[in-house]
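All chains are named by letter (A, B, ...) in the order of the sequence lines, taking the proteins before the strands, and each is independently numbered beginning at 1. Everything quoted here is computed from the prediction, not taken from an experiment. Side chains are part of it too, since the values below use all heavy atoms of this structure and drop only hydrogens, waters and symmetry mates.
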2 protein chains.
Amino acid sequence: MTDTRSLILDTAARLFAEQGYVAISMRDVARAAGMTQANLYYHFRDKDQMINDTLAHLFASRIASLDEVLETHLADGDELERFVRWMVKLLAEDIVFARLLHRELLDGDAGRLANLAQAIFLRPFTLFTEIVSAQGRRSDPRPLALSAIALIIGQILVLPLMPLLAGNAYDVNNPDPMVTQILAMLRPALSEQS
Amino acid sequence: MTDTRSLILDTAARLFAEQGYVAISMRDVARAAGMTQANLYYHFRDKDQMINDTLAHLFASRIASLDEVLETHLADGDELERFVRWMVKLLAEDIVFARLLHRELLDGDAGRLANLAQAIFLRPFTLFTEIVSAQGRRSDPRPLALSAIALIIGQILVLPLMPLLAGNAYDVNNPDPMVTQILAMLRPALSEQS
DNA sequence: GTCTATATTCCGATAGAC
DNA sequence: GTCTATCGGAATATAGAC
């Protein structure tokens, strides 16, 4: 059985993702984790520290999957497609991670944003700039890399609008159509010389 | 002098955008608007109705600017660029609107999302599908239209990461670089025949 | 219309038993 | 480690004077 601290962190991550930090009380977390609220203060100094530890725990576990992707498949196939597919799958299949990421982008203070940039975005961003540079473009690859990340994050954020506007929806369990759509925008932008 | 109800709605919009609905109390809104909390209940039944009215008031005023853009400039220039510039300026210059939009995409229930799709997104979405179709593409224009909106919204959301990753930042008061970057991604995708 | 005053519930956090 | 019990404060909302 997993230890109590991890149980609390996983429970808190789920609740915070659904409703936000302010809307979830210590009592809510404790009840969902099957303990009393007072016991949370044995494991965490206060609510702020529990939030920070929850984010650190979740983000550290999720970014680890990028290392696997990079190390085990570094030699094969289409690097751009592999990167996009990894990021889309990560955000589409893990709604807790995706929603906490959005909450941090909206409400994180300077320190939390710096952590986020370092823990989550730095390696994908660097990887993408390398992919862009490898295409032989001479201009600064960084705006294009940030746009790629923005496109993927934006696609996930507007997903609930899909059925209301376009009349259909990407299947969360099948990220392929979204990957295809994103690649259809990135590839032409990449091959444009500027 | 503007009437009390509008003063409350504008004040609430600003505070809700900054910190979220749950974090802002009726006392906070009342204090910022220069009145007591009890008086808010003369103008609104409860907090929920104040939130809904705040969103309806803000979104109705902002989408009105699209009508101006469409009606006064329908004949000139580059329709795509005009549309992108309008949407980027709207989101970049009006941080209250942009943040409340993001909050609704994250936390809006089905009814609020339907209102959002209708009040804000339907006309830009339709406009963009028409622009795409006018380019002579034969495939469904809707995924591309949604991607364009996703790209613009995503760019605004990742703005705070810019100085942390790319080492510089778009100037909020000068949306041109972001418009240029977004057009650099949309134009090639548009001219690809599929 | 706006106020003072208050009812009720819930919050974060602590003390201390086991 | 986890509990019961409780404190002080802040939340939404209402009653009623002006």
dA10(D) phosphate, OP1 or OP2, under 4.0 Å from S25(B) side-chain N/O: no
Axial cation check for Y21(A) ring with R112(A), 6.0 Å and 45° limits: yes
Ionic contact status for R142(B) with D140(B), cut-off 4.0 Å: yes
Straight-line distance of I63(A) CD1 to Q118(A) CD, nearest 0.5 Å: 10.5 Å
Pairs under 3.5 angstrom, nitrogen or oxygen only, protein versus nucleotides 16-18 of chain C, please.
none

Length of the line joining Q37(B):CD and dT4(C):C1', which is rounded to integer Å: 11 Å
Length of the line joining M26(A):CE and dG9(D):P, which is rounded to integer Å: 20 Å
Atom pair distance, as rounded to whole Å: CE in M35(B) and P in dT4(C): 13 Å
Results of side-chain contact (heavy atoms from CB on, under 4.5 Å) for A12(B) - residues two or more places apart only: F16(B), V29(B), M50(B), T54(B)
Length of the line joining R5(A):CZ and dG1(D):P, which is rounded to integer Å: 12 Å
Gap between atom CZ of R103(B) and atom NE2 of H102(A) - 0.5 Å precision: 13.5 Å
Over all atoms of both residues, closest heavy-atom pair of L15(B) and I24(B): O-CG1, 3.6 Å
Residue-level proximity of residues 39-54 of chain A to DNA chain D when a heavy atom falls under 4.0 Å: N39(A), Y42(A), H43(A)
D28(A) side chain to S25(A) backbone, donor-acceptor under 3.5 Å: yes
Gap between atom CD of E104(A) and atom CG of L58(A) - 0.5 Å precision: 10.5 Å
N or O in side chain of T36(B) less than 4.0 angstrom from dC3(C) OP1/OP2: yes
Q19(B) CD to dA11(D) P, straight-line distance once rounded to whole Å: 11 Å
Interatomic distance where OH belongs to Y21(A) and P belongs to dG12(C) [whole Å]: 15 Å
Point-to-point distance, once rounded to the nearest 0.5 Å, from CG of L144(B) to CD of Q135(B): 9.5 Å
D28(A), nearest nucleotide to its side chain (from dG12(C), dT2(D), dC11(C)): dC11(C)
Shortest side-chain distance from R27(A), nucleotide among dA11(D), dC3(D), dG12(C): dG12(C)
